[in-house]
Amino acid sequence: MACIIGELFGCTGKQEVRLGDLNFGQVKKAMANEGVAIDLGIASFRVRSKLTPVVKNFYSLYASHTLVGDDQPVDFHVKVKSSSSLRKWIYPQVEFVCDQHSPFLPLPKSQAYPVLEWGMNWCIATHCHNFLLIHSAVLAKDGKAIMFPAPPGSGKSTLTAYLANTGWQLLSDEMAVIDTNTGLVHPFSRPICLKNNSIDLVKEWFPDVVVSDVARDTNKGDVAHVKPPLSSLEGIGSPAKITAVVFPKFDASVDIEIYQLDKCTAFLSLAENGFNNNILAKDGFSALVSIAEQANNYEVNYSNMDEMVSFLDDEIENLN
Amino acid sequence: MLKKQNSGCPDINGKQWEALVFIARESGVLARVHHVLADKELLDAVPDFVLKHTNAAKMYADKQAHQVKFESALLSEIIKNDQVRDFAFMKGAAYVLSDSPVAKGRTFSDIDLLVSKSQIEDIERKLVVYGWFQDETSDYDQRYYRQWTHEIPPLRNNARGTILDLHHNILPPVSGRAPNIQLFWDKVITTSSGSQVFSKPALALHSLTHLFFQEEFSHGFRDLSDLNILFSSVEKEDDFWTDILELAIATRFETELFYAYRYCKLIFATDFPPQFVDKIGQYSPGKLRLKMLDWLFLRVLLPQHRFSDIPLLALANTIALIRGHGLKMPLHILLYHSISKLFLSINFLLTGRDGKNPPQNEEQGQ
């Protein structure tokens, strides 16, 4: 079975094969067996699952991502599977497995696809300590990157989805991946996770985007994932300089309020959103200080998307 | 594979490097691989893929070592006073505090501290003031720990999440093999940084008895690797070899010392001084028993990962589980314990009572 993907590399003579170059049947078979190995830039994942919703959504959302060659090593082996015994049939549950372990408690089968995405986030956050990882979206324009660190509920993902589909390059939706030696942020482009109202909003704004099935009643409410635009994948491998840090917060009571942050507050807020700055100790601390010092730092409360985009465009234009 | 790397042979393919990383990661020795490569100046000889992972693991291990030093300094200050002088850090924490080569790349799940049995409850009470609490345990579990074992239920620091295991012996008294702990107290030394740990022979002996009394070997390879590094770091002429043998005889752990010697030799090709080899051989179990133990340990002490392709591993782990439990508890107590646990589980399934919260009517009665 390993040969199907290997053959594709061989016969097409292509250096790069994308997941969408395979047909659904081939992907389904591969995922039920040796898995499909996908390249995400800073890490690669071999993904297995026999569950149709997982295969279907994975196939549509990662169609433009490149596959890893059969003879190449892969960083993480992950699987979403049904729980064994009773819970396979009664109130069915699924489990995420990273290599040989299930790091989370099982979740309802209706959440099978998001479980894969959350599990992949977990793999990176708990293992990739060669980078500083911050809970943040990162988007770039004209080669200049802006970080959007924010806790859940701030509307960050809606903003991310909007920007990514209106000419900004998506480097990451959830996790800023920063090299502490260079201070640059690396692309880590994956489907954007939307919750509740923003799912319909994004579908309304961009009717052509590819959206996964909606998983209901998760602990974050309704959850769906949106395929990242092709332009974001073309940037894989090219890191960018962080020129601004914007802490966004959706607030229905204001059009837009922009606060410039002093370096100290910016540093503390960044640190609060860090996944592994405590593990990177001195290197992590120094990297966060550098970001706070080199970037312009803002807190923005807004409900008017046009005003927000206008502010961001101005910021990019004024940055040198 | 490590041996292949060590000889500088680069003819390993991508999938094999992947397997190496996965196996090392699962066994908890990924950071240690980084140090081995660095010591042998082979960091440039391995692909970036491997370095990426070993480096990340090293970052995590470095952070833990740092944290252990911080925690043990704090704990030493809290515990030490006129009444309490007897305490010693053991195993992982002790390796770090004594700057042992074993500490390089080592990760830990908790800090092990030996204290005097008569003082354990006082110390426990004092630690509460500094934020060290027990996780909720049932009455049964409390009795299990305090009556039968050599430790109290683990304490967790509520601010930092660090877990502390307080022991008053190195094996459960109920096993019948718990040594006269004074023999270990006599071997406590103070390191140059002021921490109290076992001397090298006592540290090694404790670690190896801990390993060979285990019921669960997911860290078996890592623990044996610790011993390999420890033994390899001692000069052949050092008093260590006579000291460890003397201590093993006094504490009746000669057989376990023999196992450590045998399996380090078979799995890591550890070099032992001839005078030690001459003396340890007499503590080997009989031929048949040794054959059975080889079958068992040459499975469970290998890195337990599906890429290692160890035949009948699941069976070996089950046998090891039974052996470990059997060593630590006499059969009648083990049976009582197993049946009690079964009953408590059924009770919980049917009534929701887990023995941790007071029943409703007692609360109302107050």
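Only a predicted model underlies this, so the values are computations on that prediction, with no experimental measurement involved. Chain A is the first sequence line, chain B the second, and so forth, proteins listed ahead of strands; every chain is numbered from 1.
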Chain A contacts: which residues in residues 296-308 of chain B have a non-hydrogen atom closer than 4.5 Å to it? B:Q304, B:H305, B:R306, B:F307
Tell me yes or no: between the side chains of A:R190 and A:S172, is some donor less than 3.5 Å from an acceptor? no
Donor on one side chain, acceptor on other, A:D99 and A:H77, under 3.5 Å: no
Is the distance between the ring centroids of A:F58 and A:F45 under 6.0 Å? no
Verify the distance criterion only: is there a donor paired with an acceptor across the side chains of B:T107 and B:Q64 at less than 3.5 Å? no
Considering only heavy atoms, which portion of A:N278 lies under 4.5 Å from any heavy atom of chain B: side chain, backbone, both, or neither? both
Heavy-atom cut-off 4.5 Å, strictly under: side chain, backbone, both or neither for B:Y60 against chain A? both
Considering only heavy atoms and a distance below 4.5 Å, find which of B:K58, B:Q67, B:E26 pairs most often with chain A. B:E26
Could you tell me which portion of A:D71 (side chain, backbone, both or neither) has an atom closer than 4.5 angstrom to a non-hydrogen atom of chain B? backbone
Thinking salt bridges, do B:R160 and B:E71 make one under a 4.0 Å N-O criterion? yes
Identify which part of A:F131 has an atom lying under 4.5 Å from any heavy atom of chain B, answering side chain, backbone, both or neither. neither
Is any side-chain N of the basic residue among B:K91 and B:D226 closer than 4.0 Å to the acidic one's carboxylate O? no
Electrostatic pair B:K104-B:D39, nearest N-O below 4.0 angstrom: yes
So, for B:H66 and B:F70, is the gap between ring centers shorter than 6.0 Å? no
